[in-house]
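Numbered from 1 within each chain, the chains take letters A, B, ... in sequence-line order.
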Amino acid sequence: MTEVTLKYGEHTQKFEVEHAQNILALEERLGAKNWTLSDSNFELKDGIIERKNNKPDKAAKERLAVEEGGTPSE
Amino acid sequence: MPFDAGLCPTTSGTLATVPAGSCINTLDQTQRIAFQVQQSTPSFISANTGTGSYALQATWTPLLAATNATKIILTPIITGLTIPPNEVLEDTNENFINGLPQHLGFGNVTITGQFLNADPAVIEALRGNLTSQSGQNAGITSIWAYLLGKNKRVTGVTSGSNLAGIPMYNITISDVGSEGLRKQNIHNFRAVVPAEWSANLKTLVASFDPIALANA
């Protein structure tokens, strides 16, 4: 079971992902802003909580190097 | 302790102290009902602030959005909700001393109300959730209720520092009724609460309007 952290004021609480999504969706329907996602490993995209890709984007670094006339690193 | 004609009285000769009473208590108009499976520890604290406070919308949203036994479901707006005082039960027999009846306690109370023009799917979902869990076996229910009323009222039952729900039995919602031209669809709501149901009743005022909450 995957859990994510939501925050309300100074209070933080872990919820199962589906529960957390439901809470945030309900908050939006009610026009409320009590609970927000407060988890560095997850992000909210179009109402869906997804795991963040925290790995460094090596390809982007190489693209930048080519654009600047350098040699892509191995 | 509730009166029981079969037990010795709890006080004899001395009357127990009656509290001064800090505040009047008025249910006023109940406009929606929130149902939940009974919890060993209530989901709300009676305090006006703090984590778990009944008064905060932030306490309600996780319960409405829950996918486990803590989930709360809401009725549509209910009209004409009536809670009559219960009747005194007496054994009357002219052979009793001076013909005076024997007091036996109080009867159960039947709560009634109506849903007007409700979405059939909502009614069906409420029936599916509530009727079997509150009426499959006589005298047993796993459901309790919070009454949501006028001017942000939330009514439940005091349980220590918590606010528990009111146990309700035989919760039913009728099939739709209509009297035809320009008449509203009506579903009758009915539930039974036992004698002494209001012994620890507590009506509190939230900091938001619970009537505006939504099912999730």
Side-chain angles (χ1 to χ4, degrees), chain A residues 1-67 72-74, chain B residues 31-37 39 41-77 119 121-122 125-126 129 146 148 152 154 161-163 205-216:
Chain A
M1 186 177 69
T2 306
E3 290 187 324
V4 298
T5 304
L6 298 188
K7 185 178 181 184
Y8 165 60
E10 297 303 311
H11 173 70
T12 59
Q13 190 172 337
K14 284 187 181 297
F15 294 96
E16 189 270 326
V17 171
E18 186 186 347
H19 190 182
Q21 272 178 194
N22 290 347
I23 292 168
L24 297 177
L26 180 58
E27 291 260 317
E28 192 173 339
R29 278 173 60 201
L30 296 172
K33 290 178 180 169
N34 298 310
W35 292 97
T36 53
L37 186 61
S38 177
D39 197 314
S40 58
N41 295 317
F42 294 88
E43 59 190 342
L44 188 66
K45 276 188 180 174
D46 298 326
I48 308 293
I49 295 174
E50 295 178 348
R51 193 177 290 277
K52 270 186 189 170
N53 183 3
N54 289 330
K55 289 179 184 169
D57 186 351
K58 190 179 172 190
K61 203 183 243 181
E62 289 175 353
R63 283 193 301 274
L64 186 62
V66 170
E67 284 165 11
S73 59
E74 289 299 317
Chain B
Q31 300 170 338
R32 291 185 89 173
I33 305 174
F35 291 105
Q36 186 185 38
V37 170
Q39 309 288 305
T41 302
S43 300
F44 300 106
I45 61 169
S46 300
N48 292 328
T49 57
T51 304
S53 168
Y54 78 93
L56 304 177
Q57 190 183 46
T59 307
W60 287 79
T61 43
L63 298 169
L64 290 162
T67 53
N68 59 21
T70 63
K71 186 173 183 65
I72 282 180
I73 58 173
L74 300 167
T75 67
I77 296 292
D119 182 339
V122 171
L126 288 171
N129 273 314
Y146 295 91
L148 310 181
K152 304 177 183 177
V154 175
S161 60
N162 297 319
L163 187 68
V205 179
S207 57
F208 71 105
D209 188 0
I211 302 302
L213 287 170
N215 283 308

Any donor-acceptor N/O pair, A:H19 side chain to B:T67 backbone, under 3.5 Å: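 No, because the side chain of A:H19 does not come within donor-acceptor range (under 3.5 Å) of the backbone of B:T67.
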Residue pair [X] / [Y]: nearest heavy atoms and the distance that separates them:
X: A:F15; Y: B:P62; result: CE2-CB, 3.9 Å
X: B:A214; Y: A:R29; result: CB-NH2, 3.5 Å
X: B:T61; Y: A:L30; result: CG2-CD1, 3.8 Å
X: B:N215; Y: A:L26; result: O-CD1, 4.1 Å

Is it the case that atom CD in A:E28 sees more than 12 heavy atoms from other parts of the structure closer than 6.0 Å?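 Open.
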Please look at A:H11 and chain B and tell me whether the side chain, the backbone, both or neither of the residue comes under 4.5 angstrom of a heavy atom of that chain.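 Side chain of A:H11 only, per the 4.5 Å heavy-atom cut-off to chain B.
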B:A216, part contacting chain A, at a heavy-atom distance under 4.5 Å: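 Both backbone and side chain of B:A216 come within 4.5 Å of chain A.
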Given a strict heavy-atom distance threshold of 4.5 Å, which part of B:N68 is in contact with chain A: side chain, backbone, both, or neither?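 Contact with chain A is absent: no heavy atom of B:N68 under 4.5 Å.
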Pick whichever of B:L56, B:L63, B:T51 has the most heavy-atom pairs under 4.5 Å with chain A.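 If we count pairs closer than 4.5 Å to chain A, B:T51 comes out on top.
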